[in-house]
Amino acid sequence: TQGFAPQDLERFYHYLSTHLKLEAPEYVEPLQKPGNYFPGLRAQPVYDPSEFAWVPRLVDDFETIREELLEFSTSLTLESQPQGLTDQGRWSVLYFYAGGRRVEATTRACRQTSEIVNLIPGAGEAGQTYLSVLRGGTHIKRHYGPINTRLRCHLGIVVPDGARIRIGG
């Protein structure tokens, strides 16, 4: 009744079946094995930024975002990243959205950045949108997201020499 094609309903059936552990997921990408897997989506470690209409806005507004976050990151309370993904160092976060809900204190403090984030389709509904702060020497363990229906976008605000990120292999 909602206009879904039979193959879409079949994909949803397989999602429910794997979610309820009635069948094993058929992973496409060996490095992508989330506990909550939706079949039939494209899986690749890195996407071409030109595929996303909102990326140029992030690039154009980079200095605005950077200045605002650097100004407010020292006055706002950062919390420890809750998933325990570091094996050394310290990873703190400042949420714009947590659990799909806007964090009003961050929105008030970082109005310009919040406005820019809100222009990204699905940024709020995706669950988490946040500023990460990694202290020197921090190492994040190899991991993958909890579900494959989200894409991650990383925008380095302050990236010291020697810092690096490994995605995929």
Side-chain angles (χ1 to χ4, degrees), residues 1-62 65-66 69 79-87 91-103 106-107 110 113-134 138-157 159 163-169:
T1 63
Q2 297 297 318
F4 293 106
Q7 64 268 22
D8 293 331
L9 293 175
E10 184 69 20
R11 286 175 51 218
F12 186 68
Y13 168 80
H14 284 296
Y15 162 75
L16 286 177
S17 186
T18 58
H19 183 70
L20 296 171
K21 305 200 182 328
L22 301 174
E23 65 180 91
E26 296 175 13
Y27 297 118
V28 175
E29 168 63 46
L31 296 175
Q32 183 190 60
K33 296 181 181 176
N36 203 353
Y37 181 78
F38 197 94
L41 300 177
R42 184 168 50 140
Q44 63 191 66
V46 178
Y47 287 77
D48 185 338
S50 69
E51 293 183 60
F52 307 98
W54 46 267
V55 168
R57 177 73 191 259
L58 284 180
V59 173
D60 292 346
D61 289 337
F62 173 77
I65 294 167
R66 183 179 189 278
L69 292 179
E79 55 188 87
S80 292
Q81 198 280 342
Q83 293 173 297
L85 295 174
T86 57
D87 54 12
W91 181 6
S92 302
V93 294
L94 174 66
Y95 287 101
F96 286 86
Y97 285 91
R101 291 193 170 97
R102 181 190 330 261
V103 177
T106 307
T107 299
C110 303
T113 303
S114 293
E115 287 174 14
I116 295 164
V117 165
N118 289 335
L119 296 173
I120 300 170
E125 296 86 359
Q128 315 291 9
T129 303
Y130 54 91
L131 166 70
S132 284
V133 177
L134 300 168
T138 298
H139 181 261
I140 299 172
K141 299 182 269 190
R142 184 180 205 159
H143 67 281
Y144 37 79
I147 189 166
N148 68 322
T149 59
R150 300 176 187 153
L151 294 178
R152 299 282 183 226
C153 173
H154 296 273
L155 179 66
I157 303 298
V159 182
R164 49 192 202 278
I165 184 171
R166 180 178 61 187
I167 301 169

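All residue numbers refer to positions in the sequence shown, counting from 1. This is a predicted model, so every value here is computed, not measured.
Between Val55 and Ser50, every side-chain heavy-atom pair lies at or beyond the 4.5 Å cut-off. Under the 4.5 Å side-chain criterion, counting only non-hydrogen atoms from C-beta, Phe38 is not in contact with Thr18. Looking only at side-chain heavy atoms (C-beta outward), Ile120 and Arg57 stay at 4.5 Å or farther from each other. You'll find the side chain of Cys153 reaches within 4.5 Å of the side chain of Trp54, heavy atoms only. Side-chain atoms of Asn36 and Pro146, non-hydrogen and from C-beta on, never get closer than 4.5 Å to each other.
Taking the six-membered ring where the residue is Trp, Tyr130 and Trp91 present tilted rings, their angle falling between 30° and 60°.
Of all the heavy atoms in Glu23 and Ser17, the pair that sits closest is OE1-OG, 2.7 Å. Contact between Val159 and Ala163 at its shortest, heavy atoms only, is CG1-CB, 4.0 Å. For Leu41 against Asn148, the heavy-atom pair with the smallest separation is CD1-O, 3.6 Å. Contact record, His14 with Pro39: CB-CG, 3.8 Å, taken as the closest heavy-atom pair. Gln32 and Ala43 get closest at one heavy-atom pair: OE1-CB, 3.3 Å.
Taking CG of Leu85 as the reference point, atom OG1 of Thr138 lies at 12.5 Å (rounded to 0.5 Å). To the nearest 0.5 Å, atoms CG (Leu134) and CD1 (Ile165) are separated by 9.0 Å. In this structure, CG in Leu155 is found 5.5 Å from CD1 in Ile65, a value given to the nearest 0.5 Å. One distance of note links CD of Gln44 with CD1 of Ile167; it measures 11.5 Å at 0.5 Å rounding. Atom CG of residue Leu22 and atom OH of residue Tyr13 lie 7.5 Å apart, to the nearest 0.5 angstrom. Note that the CZ atom of Arg101 and the OH atom of Tyr95 stand 14.5 Å from one another [nearest 0.5 Å].
Looking at Gln81, its side chain does come within 3.5 Å of a backbone N or O of Gln83 through a donor-acceptor pair. Between the side chain of Lys141 and the main chain of Gly84, a donor-acceptor pair closer than 3.5 Å is present.
Considering only residues two or more places apart in sequence or on other chains, Tyr37 meets the ring-ring contact (aromatic ring centres under 6.0 Å, His included) condition with Tyr27.
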